[in-house]
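Throughout, protein chains are lettered first and strands after them, A, B, ... in sequence-line order, and every chain is numbered starting at 1.
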Amino acid sequence: MNMRKLALSDEILLTVEKPARYIGGEINMTRKDLSEIDIRFCMCFPDVYEIGMSHLGIQILYDMFNRREDTYCERVYSPWVDLDRIMRERGIPLFALESQDPIRDFDFLGITLQYEMCYTNILQILELSQIPLKASDRRREDPIVIGGGPCAYNPEPIADFFDIFYIGEGETVYDDLLDAYKAWKPTGKSRQEFLKMAARIPGLYVPQFYEVAYQEDGTIASFSPKVPEAPERVEKQVERDMSDTFYPEKPLVPYIKVTQDRVVLEIQRGCIRGCRFCQAGMLYRPIRARGLSFLKQRAKVMLESTGHDEISLSSLSSSDYEELPELVYWLIEEYRDKGVNISLPSLRIDAFALDVMSKVQDVRKSSLTFAPEAGSQRMRDVINKGLTEEVILKGARDAFIGGWNRVKLYFMLGLPGETEEDIQEIAVLSDKIAREYYEAVPKEKRQGKVNIVTSTSIFVPKPFTPFQWAPMVSKEYAGEKRMFLLDKIKSQRNGKCIKYNCHDGDVSELEGVFARGDRRLCDVILQAYRDGCIYDAWSEHFRYDLWEKAFRDHGLEMDFYIKRERGEEEIFPWDFIDIGVTKNFLLQEYRRSKEGLVTPNCRERCSGCGAARFQCGECVK
Amino acid sequence: MKARLKFSKVGSMRFIGHLDVMRYFQKAFRRAGIAVSYSQGFSPHQIMSFASPLGIGLSSDGEYLDIALEDGEDVSRIVERINAQMNEEIWVRDFTVLEEESKTSMAVLAACDYLIGVKPEKESFLLDEARRRQAVERFCRQDKIMILKKSKRSERMMDIREYIYVVTDSLQDFQEFTGVDYGTPSLEEEVLPALYMQLTAGSVVNIKPELVLEALFAQEGEDFRWTDYQVHRLEMYGDIGMKKGEVHTRTSEDVCQLMPLWQYGEKGKMDE
């Protein structure tokens, strides 16, 4: 019998919660003979297994790396706090799931940066792996630590902890990096020499080769390369043809239930909409669709190779995928009788959506989701969310007639220039939707009361959006406005049918700091981690008091990063990154937002954002 | 078509809970293209049930899964087809078609066989052959074996003596008693077999081997550290004469008549 060796003893595995998080061996896991491997790459999602295993990006890169015969890509996720304690007590080095070997023996540790609140978990991964936390302390034999993903577009708050940041889409220049590594490894040249080779590859940013000077007011005076190999500007790398690129045919299937326990089919990347608060909408421009035949083929193969009983279409705005009806009706036709569920998040509610939804889900049990983001039309124009009240109410009315009676609504509080009237409109719109139900559905046909859940999150300005200059509201303001809104909701005619949910202000504030933070925050994050901060994205572990202390100890103010409206001339920590969309365009959009001017989407008219430089997708249609 | 699978679950699969094992099988069946019957409704699921969930950490060569197959499904190479989709630490050993009126294995379950091994590099009095034998003999001579049985709601003292059909440290004696040839159990590397036991199982009374070990260790004045021992299930049985809600033991008026669960199927009939 051939049993897999495990890094943890039975005794430990039987003490911790969900031991399956640490044993690997999942369906479709790649196995390789280490004697035939030149490069060992460990891919990390710095959060608990169930979250990390749900991430599509890692599945794409895992498949891509393992297609190389000289490379073995394995995985690691954050040990939960119970195992974390045991590993520290006993000095057990963090290991990769596949081989169960210590990560410190790998060539690369790649960390995906999906949200700001995972930053302390990165330090946990490094420390448990016994890799020096700061890149400057690492020796030649330590793994190269590389970060990528949306938070890499402002990598400065975590710049000290990484050797390299990958700016752009993973499908593009990793081969160049691995080839460079393979050439460097046998030479005996220094780690710095390798990083210089890396810095010459487009899209790769080596933070230790740059120097930042600050002005007295704390803003940046200059940001410049220290070595000739490091470019002044780092250009985002874009996969130009989405139908002729890496996409797994045999995704990993975990043993335990994870957040995304289904086949995920990314139908397109990017978005035409240009909502002014949305970072993804700017980062992934231009929109690039995958071809229908490519998607059908992958859907079929992935369902067969995983045995999943659900497939989910993924994109920022599925309704904008031009061949969506063909794809969805094909999926229904092909799989409805085979016990496969089809899920369609981010779908605009219209006649097509309602028809599809009535075919793929139980109308009585499912709910409709609208994301108006703002309550008033004035504010929706400010944020360039091209969704009108008329459209929302029409969608809701049709849905109610079709048998639905549950609605989820998503809004933001603290949008730039928000007034109390704008907030009150959230309550009014929620109530108008409830009224539609009672007007549209005759009494005898109603399945109970209408059930509306209105949620608000606090708006966090992000880099590379038109609102990157805008101030963020204080958590005191947010708290006050939440009470105000709750009161307004309850005083509506259908107040009893509307449930109100809201987000925590402390976490949003810190997210805001890191989103637009600079390099000086590295030491704050390091200290907060040393003081015990970890799993900050999990409210039961979030320790605001420790964060406050870390800021105080380093003489830095959170307010500096979130409360100011930034000047038009200010140099931002992320300005050296070139995402195609120009700073000029973003500024023009910021100005238009102040005037409440709507900018048409990419399909209506090109606004010259700058992404056309990539010569692909919507820009070349 | 009702059918029953017997499978082994060892190694790292010991850490996968039974609900996840069920999901694992569902996905394996889909990958293998086996036409399992689905329930009706908007979220249909495969019709299947386990005889008895195996606790996390335990290994087994005698797990049972009942499934319903669509009429016309070809079962001639079904074990190979399923095993092609399983990993090396969980595999199907046997497949048998059941009569349509058969009760589920969960409903007929009456007893289980276990092997208890000592994990490598662990100290235990069970490794001392003379002491082990003495302890087992003393244990079997007791009239009453009281244990504290904990459930989600309550704790109560319970005499489990009559539910222990046999405890022995000899595989040969055990095989003679049960009438089953266990072959080579799929034990973890370097685990040393020490005890074998047959215990009452099922929905009315279910005696976990850990309870028996606790009682044995208490008798010997030893601490029982459960993570030092590997509990390995060998077989499961139904009781031919059992009616719903009843438990027959070795001493009760209607003596239990155990039959391994795989013998309930057509394959069992052919062997007879």
Side-chain angles (χ1 to χ4, degrees), chain A residues 1-29 31 97 100 250 253-258 261-263 301-310 335-341 343 357-366, chain B residues 8 10-17 19-47 55-59 61 85-91 119-122 184-191 225-231:
Chain A
M1 211 178 352
N2 186 15
M3 297 203 201
R4 289 183 64 239
K5 88 175 175 165
L6 298 178
L8 300 173
S9 67
D10 277 16
E11 204 183 339
I12 293 174
L13 288 166
L14 292 172
T15 335
V16 298
E17 198 183 302
K18 300 192 188 173
R21 287 168 172 165
Y22 313 111
I23 61 175
E26 301 93 333
I27 300 154
N28 295 332
M29 181 184 92
R31 289 154 202 252
L97 293 180
Q100 301 269 312
K250 292 179 161 192
V253 184
Y255 293 121
I256 54 174
K257 214 166 164 52
V258 299
D261 189 32
R262 51 188 76 90
V263 166
V301 174
M302 287 194 295
L303 283 166
E304 280 167 7
S305 70
T306 59
H308 276 309
D309 58 6
E310 186 170 354
Y335 292 106
R336 192 159 52 160
D337 298 331
K338 294 180 185 158
V340 177
N341 288 317
S343 82
M357 284 162 64
S358 68
K359 288 185 171 132
V360 303
Q361 50 185 234
D362 188 343
V363 171
R364 283 162 304 160
K365 285 182 192 149
S366 59
Chain B
S8 287
V10 302
S12 64
M13 291 306 287
R14 287 175 299 148
F15 302 106
I16 310 297
L19 288 176
D20 293 323
V21 172
M22 190 171 288
R23 287 170 2 98
Y24 183 85
F25 270 102
Q26 288 164 355
K27 289 180 180 174
F29 291 148
R30 299 182 69 98
R31 291 196 299 277
I34 288 166
V36 180
S37 302
Y38 280 77
S39 66
Q40 298 298 307
F42 251 101
S43 46
H45 56 271
Q46 296 179 7
I47 298 168
I56 286 199
L58 278 63
S59 54
D61 281 319
Q85 298 301 332
M86 309 292 270
N87 68 40
E88 64 269 36
E89 294 173 325
I90 181 165
W91 67 95
K119 288 185 184 173
E121 291 161 44
K122 302 294 177 190
T184 311
S186 318
L187 276 187
E188 307 304 299
E189 227 173 288
E190 292 175 63
V191 168
R225 285 168 46 94
W226 71 287
T227 52
D228 290 356
Y229 299 89
Q230 183 60 49
V231 177

Side-chain heavy-atom pair A:Asp261, B:Arg23 within 4.5 angstrom cut-off
yes

Taking the side chain as every heavy atom from C-beta outward, state whether A:Tyr255 and B:Asn87 have any pair of such atoms under 4.5 Å apart.
yes

Honestly, the part of A:Glu11 sitting under 4.5 Å from a heavy atom of chain B is both

Of the backbone (N, CA, C, O) and the side chain (C-beta and beyond), which part of B:Gln230 lies under 4.5 Å from a heavy atom of chain A, both, or neither?
side chain

Portion of A:Ile256 that has a non-hydrogen atom of chain B nearer than 4.5 angstrom:
both

Which atoms of A:Val253 come close to chain B, meaning under 4.5 Å heavy atom to heavy atom: side chain ones, backbone ones, both, or neither?
side chain

Relative to chain A, which of B:Ile16, B:Asp20, B:Thr227 shows the most heavy atom pairs under 4.5 Å?
B:Asp20

Pairwise side-chain contact, A:Arg4 with B:Glu89, heavy-atom cut-off 4.5 Å (strictly under):
yes

Return the set of residues passing side-chain contact (heavy atoms from CB on, under 4.5 Å) with A:Thr15 (not counting sequence neighbours), or none when no residue passes.
none

Side chain, backbone, both or neither: which part of A:Val340 has an atom under 4.5 Å from a heavy atom of chain B?
both

Check: B:Ile90 and B:Ser8 side chains under 4.5 Å, non-hydrogen atoms:
no

Pick one of side chain, backbone, both or neither for A:Ile27, based on which atoms fall under 4.5 Å of a heavy atom in chain B.
side chain

Please tell me whether B:Tyr38 and A:Asp309 have a donor and an acceptor in their side chains that are separated by less than 3.5 angstrom.
no

Highest number of heavy-atom pairs under 4.5 Å with chain B among A:Lys257, A:Lys18, A:Lys5, A:Glu304 belongs to A:Lys257

Bottom line for B:Ile56: the part with an atom under 4.5 Å from chain A's heavy atoms is both

Contacting region of A:Arg31 [heavy-atom separation from chain B under 4.5 Å]
side chain

Who passes ring pair (Phe, Tyr, Trp, His ring centres under 6.0 Å) against A:Tyr22, sequence neighbours left out?
none

